[in-house]
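Okay, structure first, notes after.
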Amino acid sequence: METLVSTWSRTSQILPEKYVFPIGERPGPDEVPLCQNIPLIDLSADKSQSQTIEKILAACEEFGFFQVINHGVSEDLIDAAMKVVNDFYNMPDEDKAKVYSTDPSKDCRLFTSSYSYAKEELHFWRDNLRHPCHPLDECIHLWPEKPTNYRNVVGKYSLEVRKLSLRILELIREGLGLESGYFGEELTGSQLMSINHYPPCPDPSLSLGLPKHADPNVITLLLQGTVSGLQVFKNGQWLSVEPLPHAFVVNIGHQLQIISNGKLRSAEHRAVTNSKESRTSIVSFINPCPETIVEPAKSMINDCVPLYRPFMFKDFLKFYEEKKGDTKALMNVYKIKT
Ligand code: OGA
Ligand code: NI
């Protein structure tokens, strides 16, 4: 427990060496511009479906990132989820200790930095609570017992966010022209809830909440609350993703890039810290089942060559951890050399 940033940083104003990133990787002192053009997609039912699909596809091709509003997840539920995860992080240490674990094989756990805290050279300025959430009735008993409404609220939230993720995937499927039912249980049968907490940091210019990475899954829905900190790497530049109340940030994972044979891109992003207030983000990852074989969809390679070779998803995750955010090296493992 004493390794959690939220535990030890309460009584320290000094940034330990282990949190100081090298010059090329750290955010530096300059303010990053707020990105005005990250696409904003209105999912209201009265919008033309074909135009929505067009916009989503364009966003996935150009940015790999977009935000959705009028998405049907109730604002009250979103507020309740944000409140309960903050309540979780604000609990006394002895309550959090029940969920804390340094064992990466544990399904539900609270930990700090990355999977490999003990071995890593640099630590990330974040604590993380993560657990599976699908099928809900098979995993809810693993979740934190406190706050007492955690399971109820996060349970409802994860069901709604799953529904929305599948709705967006369905629009992407249509846009790509993949056969109906393409994103079935095999490709979406696993869902992980990952709750990041970034306490105020003594020097945000030197440290990172999460260094540059792209997500390894199919699709991510992220709720960033009201505090900014998420940045996306576009054309060699970092851009800050504006926190819009009750909007979800959607980003394309590596699996969707591979399935679409490179048509859609999984964008690199990071989380920076700030010195004034803590920030909490709730991230839902839709994953293939561990043994699913992932490969470019047949209909995406009709008139071109496949760019990636087939692999089992659980093997991909192993490489993902090994390559530590080096997207190029990771994708090179799966790229077919032409
Ligand atoms: C992630 C992630 C960013 C954030 O959890 O994969 O990119 O803003 N999080 O917390
Ligand atoms: Ni991410």
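Keep in mind it's a predicted model, so treat the numbers as computed, not measured. Order of listing sets the numbers, starting from 1, for every ligand and every atom in it.
- Relative ring orientation between F319 and Y334 is described as perpendicular, the plane-to-plane angle rising above 60° on a 0-90° scale split at 30° and 60°.
- Contact annotation: for L210 versus ligand 1, heavy atoms closer than 4.0 Å belong to the side chain alone.
- Counted by atom type alone, E242 and S228 present zero donor-acceptor pairs between their side chains at under 3.5 Å.
- Contacts between H213 and ligand 1 below 4.0 angstrom, taking non-hydrogen atoms only, involve the side chain exclusively.
- Geometrically, ligand 1 and S194 share no nitrogen or oxygen pair separated by less than 3.5 Å.
- Inclusion of R126 in the set of residues having an N or O under 3.5 Å from an N or O of ligand 1 is not warranted.
- Remark: distances from the non-hydrogen atoms of Q224 to ligand 1 are all 4.0 Å or more.
- Every atom of ligand 1 is numbered from 1 in the order shown, and the set under 4.0 Å from a heavy atom of L222 is 3 (C), 4 (C), 8 (O), 9 (N).
- Rounded to 10°, the angle formed at the Ni ion (ligand 2) by H213 NE2 and H269 NE2 is 90°.
- Counting heavy atoms under 4.0 Å from ligand 1, residue R270 does not touch it at all.
- Here the heavy atom of the protein found nearest to atom 4 (C) of ligand 1 is Y198 OH, 3.4 Å.
- Heavy-atom proximity to V283, at under 4.0 Å, picks out these atoms of ligand 1: 5 (O).
- If you number the atoms of ligand 1 from 1 as listed, the ones under 4.0 Å from a heavy atom of N196 come out as 5 (O), 9 (N), 10 (O).
- Note on ring orientation: taking the six-membered ring where Trp is involved, the planes of F88 and Y150 are tilted (angle from 30° to 60°).
- Annotation: side chain of Y320 is not in contact with side chain of T327 (no heavy-atom distance under 4.5 Å).
- Side chain to side chain, S101 and D103 fail the donor-acceptor criterion of an N or O pair below 3.5 Å.
- Residues Q257 and Y308 have side chains that bring a donor and an acceptor to within less than 3.5 angstrom of each other.
- Residue contacts with ligand 1 for R279 involve side-chain atoms from C-beta outward but no N, CA, C or O (heavy atoms, distance under 4.0 Å).
- For the residue pair H269 and D215, a side-chain donor N or O sits within less than 3.5 Å of a side-chain acceptor on the partner.
- Restricting D215 to its N/O/S atoms, the shortest distance to the Ni ion (ligand 2) is reached by OD1.
- Each of the atoms 4 (C), 10 (O) of ligand 1 lies under 4.0 Å from some heavy atom of S281.
- Counting atoms of ligand 1 from 1 in the listed order, those under 4.0 Å from a heavy atom of L230 are 3 (C), 8 (O).
- Remark: the S284 side chain and the Q191 side chain contain an N/O donor-acceptor pair separated by less than 3.5 Å.
- Judged by distance alone, with hydrogens and angles left aside, the side-chain atoms of N261 form a donor-acceptor pair with the main-chain N or O of L307 at under 3.5 Å.
- Between H131 and W143, the ring planes are parallel. Angles under 30° get that label, and only those over 60° would be called perpendicular.
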